Amino acid sequence: MDLVVFDLETTGLSPTGNEIIQIAAVRLRLGKVFHSESYSTFVNPRRPIPAFITSYTGISDAHVRGAPPICSALAEFSRFVGDCTILAHNGHRFDMPFIRAACAKNCIPTRKVQYADSIYLSRLIWRESRWHGLDAVLERLGISTVGIRRHDARGDVELLSEAVLRMWRRITPDCTALPVPLFTGTFPR
DNA sequence: GCTAGGCAGGAACCCCTCCTCCCCT
């Protein structure tokens, strides 16, 4: 099955009060990461990026100054996704609510997509653990972050796609159906 | 190491509500 793994960087944690500033995604097919089929963009939030977010993500006002606004960024992201199932880490509680709120705030026409959350893969494999954040998952899988910029969506999506494949193979080695719940979410048309 | 919001899951309890923790930036 085709799966688009994605990650967002934002100006904070609140979908209603904060803005998306970066989107990155990569396609997974037949148990492989297709690095040639990737997508990333900065997004102009039309407001200054808080200093804490710049120090956390490395994304500054200069990075987003010439970037597309959220409407065109989401439209392009939607074309990249097509009718694939999408997946993000903690996407059920963070990324998908952010996309839904961005569509609502900007009157962007929407459609429904199927999405999964890799946190459920981690919970399935390490049932006894309380820790299922991306750092904990990467550490348990022995995936090195050396040379990869954490908290930049392009770096995080690269790490996450590798982590998803490894977890998926542990449960269903042929990577056919995803062994975690599929949700239906609001997505730009 | 601090901040923000909202959801999920567990506890206590009998059906919801409350509470706490994790997780994302």
Side-chain angles (χ1 to χ4, degrees), chain A residues 3-26 39-65 67-70 73-74 77 81 86-106 112-141 143 145 148-164 167 178-187:
Chain A
L3 191 66
V4 168
V5 173
F6 77 101
D7 185 49
L8 304 179
E9 303 305 321
T10 68
T11 60
L13 292 175
S14 166
T16 49
N18 295 121
E19 309 298 328
I20 296 170
I21 53 174
Q22 192 186 27
I23 305 169
V26 68
Y39 169 78
S40 81
T41 185
F42 288 112
V43 182
N44 188 337
R46 300 180 192 277
R47 67 173 76 169
I49 296 175
F52 168 73
I53 296 298
T54 295
S55 67
Y56 186 75
T57 64
I59 301 168
S60 66
D61 292 329
H63 288 102
V64 301
R65 195 164 293 131
I70 190 65
L74 281 179
F77 180 38
V81 166
I86 58 177
L87 176 149
H89 198 70
N90 202 34
H92 189 48
R93 289 160 94 173
F94 184 78
D95 302 80
M96 293 308 290
F98 248 101
I99 289 176
R100 190 197 321 133
C103 290
K105 282 189 285 188
N106 297 282
K112 295 295 178 191
V113 287
Q114 273 203 318
Y115 72 93
D117 187 334
S118 44
I119 225 161
Y120 293 93
L121 281 171
S122 175
R123 289 206 187 115
L124 200 58
I125 295 171
W126 297 287
R127 290 175 197 272
E128 74 291 347
S129 178
R130 289 174 65 198
W131 312 107
H132 300 284
L134 186 54
D135 284 317
V137 169
L138 294 174
E139 195 180 326
R140 289 194 290 252
L141 290 168
I143 296 174
T145 61
I148 296 173
R149 186 185 272 277
R150 279 287 277 119
H151 307 299
D152 177 305
R154 295 162 297 189
D156 281 356
V157 99
E158 188 180 336
L159 294 165
L160 177 59
S161 57
E162 183 58 33
V164 164
M167 289 191 286
L178 265 177
V180 286
L182 285 181
F183 302 98
T184 300
T186 301
F187 202 66

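Keep in mind the model is a prediction, meaning the values are calculated, not measured. Side chains are part of it too, since the values below use all heavy atoms of this structure and drop only hydrogens, waters and symmetry mates.
B:dA8 and B:dC23 have their P atoms separated by 15 Å, with the value rounded to a whole Å. Nucleotides B:dA11 and B:dC22, compared at atom P, are 14 Å apart to the nearest Å. Across the P atoms, B:dG1 and B:dT17 are found 39 Å apart, a figure rounded to whole Å. Spacing between B:dT20 and B:dG6 at atom C1', rounded to whole Å, works out to 14 Å. Separation of the P atoms belonging to B:dC21 and B:dG10 is 14 Å when rounded to the nearest angstrom. Annotation: B:dC18 and B:dC2 have their P atoms spaced 29 Å apart (nearest Å). Between the C1' atoms of B:dC16 and B:dG5, the separation comes to 23 Å (whole Å).
Look at B:dG5: its Watson-Crick or wobble partner, with both distances under 3.5 angstrom, is B:dC24.
Salt bridge annotation for A:Lys105-A:Glu19: present, with a cationic side-chain nitrogen under 4.0 angstrom from a carboxylate oxygen. A salt bridge links A:Asp135 with A:Arg150: the distance from a Lys NZ or Arg NE/NH1/NH2 to an Asp or Glu carboxylate oxygen falls below 4.0 Å.
Which of B:dT25, B:dC23, B:dG9 sits closest to the side chain of A:Asn90 comes down to B:dC23. In this structure, the nucleotide among B:dC24, B:dA8, B:dT25 sitting nearest to the side chain of A:Tyr56 is B:dT25. Ranking B:dC23, B:dA8, B:dG5 by closeness to the A:Ser14 side chain, first place goes to B:dG5.
In this structure, A:Ile99 atom CD1 and B:dG6 atom C1' are separated by 16 Å, rounded to whole Å. One can place CG of A:Asp95 at 14 Å from C1' of B:dG6, the figure rounded to the nearest angstrom. In this structure, A:Leu134 atom CG and B:dC22 atom C1' are separated by 14 Å, rounded to whole Å. In this structure, A:Tyr120 atom OH and B:dC23 atom C1' are separated by 11 Å, rounded to whole Å. One atom, CG of A:Asp117, and another, P of B:dC24, lie 10 Å apart when rounded to the nearest Å. Distance CG (A:Asp135) to C1' (B:dC22): 13 Å, rounded to an integer number of Å. In this structure, CD1 of A:Ile119 is placed 5 Å from C1' of B:dC23, rounded to the nearest angstrom. In this structure, A:Leu13 places its CG atom 14 Å from P of B:dC23, rounding to the nearest Å.
Residues of residues 148-163 of chain A having a heavy atom closer than 4.0 Å to DNA chain B, listed by number: A:His151, A:Asp156.
A:Gly12 comes within 4.0 angstrom of a base, heavy atoms only. Using a 4.0 Å heavy-atom cutoff across all strands shown, A:Asn18 reaches no nucleic acid atom at all.
DNA chain B is contacted by both A:Phe183 and A:Phe94; A:Phe183 maps to the nucleotide lying nearer its 5′ end (nearest heavy atom per residue). In terms of position on DNA chain B, the residue among A:Phe52 and A:Ile21 whose nearest nucleotide sits closer to the 5' end is A:Phe52.
When the ring pair (Phe, Tyr, Trp, His ring centres under 6.0 Å) test is applied to A:Phe6, the partners found at least two apart in sequence or on another chain are A:Phe77. With sequence neighbours excluded, the residues forming a side-chain hydrogen bond (donor to acceptor under 3.5 Å, both in side chains) with A:Ser118 are A:His89, listed by chain and number. In this view, A:Asp152 and A:Arg154 satisfy the salt bridge (Lys or Arg N to Asp or Glu O under 4.0 Å) rule, not counting sequence neighbours. Legend: residues meeting salt bridge (Lys or Arg N to Asp or Glu O under 4.0 Å) with A:Asp61, ordered by chain and number and at least two apart, are absent.
The closest side-chain donor-acceptor pair between A:Ser129 and A:Arg140 falls under 3.5 angstrom. Residues A:Thr57 and A:Arg149 have side chains that never bring a donor and an acceptor to within less than 3.5 angstrom of each other.
The side chain of A:His92 contributes an N or O atom lying less than 4.0 Å from OP1 or OP2 of B:dA8.
Of the candidates A:Leu160, A:Leu134, A:Leu159, A:Ile143 forms a side-chain contact (heavy atoms from CB on, under 4.5 Å) with just one, namely A:Leu159.
Scanning both residues, A:Ile99 and A:Thr186, for their nearest heavy atoms gives CG2-O, 3.8 Å. For the pair A:Ile23 and A:Ala153, the tightest heavy-atom approach, listed with the atom from each and the gap, is C-CB, 4.3 Å.
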Review item, nucleotides 18-21 of chain B N/O atoms under 3.5 Å of protein N/O:
from   : atom 1 : to       : atom 2 : distance (Å)
B:dC21 : O3'    : A:Arg130 : NH2    : 2.9

